[in-house]
Amino acid sequence: MTDAEWTETRRELRFGQVYEGTVVLVPRPGNIGIFVDIGLPVGGFVDALILPHEEGDWPTEGTITDFEIWWADGRQQIRLKPSDPRYLRHDFADFVGRFRPDWPSQIGRLVPDPDPPAFGGPPPGSP
């Protein structure tokens with residue numbers, strides 16, 4: 001997928017948008033998170049920070065369940081949140097309140113374009 005295609009795909013994403021997905025990889029359980037196929041040309045990822053503390057409570061490879069769009073930025077990857085509370089950290093509501101208190105008001109809104117990259121030096125075409 002080109003950067004332009006990713007930009008177009010990202011512009012269709014809404015916070016909280018639900019996709020059925022299949023867990024395709026659980027590398028280093030308990031450490032980084034899980035990779036999920038949600039049927040889009042880019043991969044989905046659930047960060048370990050929002051999964052249960054005990055890795056045995058994480059969805060395993062092959063698990064099919066619903067995931068919500070949690071974030072997307074310039075990287076060609078969609079950050080997801082499991083819809084099923086069994087796959088969320090036990091204090092998820094408190095976690096959201098501390099680290100992403102605006103989440104409830106973001107649900108249904110378009111995921112914003114990432115900030116443009118910062119370039120050093122004068123703009124193109126200037127002397």
Side-chain angles (χ1 to χ4, degrees):
M1 169 176 272
T2 67
D3 287 342
E5 290 169 328
W6 168 232
T7 298
E8 285 304 309
T9 298
R10 190 182 59 241
R11 286 185 180 149
E12 301 295 320
L13 301 177
R14 294 182 177 276
F15 291 119
Q17 186 175 1
V18 177
Y19 287 89
E20 182 179 79
T22 303
V23 177
V24 294
L25 184 63
V26 184
R28 299 175 42 210
N31 289 313
I32 64 169
I34 61 175
F35 292 90
V36 180
D37 179 354
I38 57 171
L40 294 177
V42 294
F45 181 76
V46 181
D47 194 287
L49 288 174
I50 63 175
L51 291 166
H53 178 70
E54 296 296 323
E55 64 194 60
D57 294 334
W58 288 21
T60 58
E61 289 178 17
T63 299
I64 299 171
T65 190
D66 287 342
F67 294 90
E68 300 173 33
I69 302 295
W70 179 250
W71 190 255
D73 56 26
R75 293 172 287 182
Q76 289 189 18
Q77 183 181 78
I78 298 171
R79 296 297 175 125
L80 302 169
K81 160 187 135 15
S83 295
D84 187 333
R86 293 179 300 162
Y87 300 131
L88 291 172
R89 58 187 292 151
H90 75 279
D91 64 344
F92 183 74
D94 291 336
F95 173 81
V96 170
R98 286 190 318 267
F99 297 105
R100 194 150 175 213
D102 55 344
W103 168 249
S105 67
Q106 290 179 329
I107 295 173
R109 291 186 180 180
L110 289 171
V111 173
D113 285 336
D115 292 332
F119 297 106
S126 62

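Without hydrogens or angle criteria, Q76 side chain to M1 main chain gives a donor-acceptor distance under 3.5 Å. Remark: side-chain polar atoms of E20 are not paired, donor with acceptor, to backbone N or O of I64 under 3.5 angstrom.
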Begin from the C-alpha positions of I78 and I69 and carry the test side-chain contact (heavy atoms from CB on, under 4.5 Å) through to its verdict. CA-CA 7 Å; I78 298 171; I69 302 295; 3.4 Å; yes
Given side-chain contact (heavy atoms from CB on, under 4.5 Å), test L40 with Y19 step by step and report yes or no. CA-CA 10 Å; L40 294 177; Y19 287 89; 3.8 Å; yes
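Counting heavy atoms from C-beta on, the side chains of F45 and L25 never come closer than 4.5 Å. A 4.5 Å side-chain heavy-atom check between L88 and K81 finds at least one atom pair inside the cut-off. Annotation: side chain of Q77 is not in contact with side chain of V42 (no heavy-atom distance under 4.5 Å). In this structure the side chain of L51 reaches within 4.5 angstrom of the side chain of P82, judged on heavy atoms.
Here the straight-line distance linking atom CZ of R28 with atom CD1 of I34 works out to 15.5 Å at 0.5 Å rounding. In this structure, CG in D57 is found 11.0 Å from NE2 in H90, a value given to the nearest 0.5 Å. For the atom pair CD1 (I32) and CG (D47), the distance works out to 9.0 Å, reported to the nearest 0.5 Å. Rounding to the nearest 0.5 angstrom, the gap separating the CZ atom in R79 from the CG atom in L13 is 14.0 Å. Here D66 contributes atom CG and D84 contributes atom CG; the two are 8.5 Å apart, rounded to the nearest 0.5 Å. Between I107 atom CD1 and Q17 atom CD the span is 12.5 Å, to the nearest 0.5 Å.
What you find for V23 and P59 is that their closest heavy atoms are CG2-CB, 3.9 Å. Between W58 and N31, the shortest heavy-atom distance links the atoms CH2-N, 3.9 Å. Residues P112 and R10 come closest through the heavy atom pair O-NE, 4.2 Å. Between R98 and D91 the shortest heavy-atom distance is NH2-OD2, 4.1 Å. In terms of heavy atoms, Y87 sits closest to P52 at O-CD, 3.2 Å. Taking every heavy atom of both residues into account, P27 and G33 meet most closely at CD-O, 3.7 Å.
You'll find the ring centres of F92 and W70 inside the 6.0 Å limit.
Under the 4.5 Å side-chain contact rule for hydrophobic residues, F67 and L49 share a cluster.
Cation-pi contact between R100 and F15: present, with separation from the ring centre below 6.0 Å and deviation from the ring axis of at most 45°.
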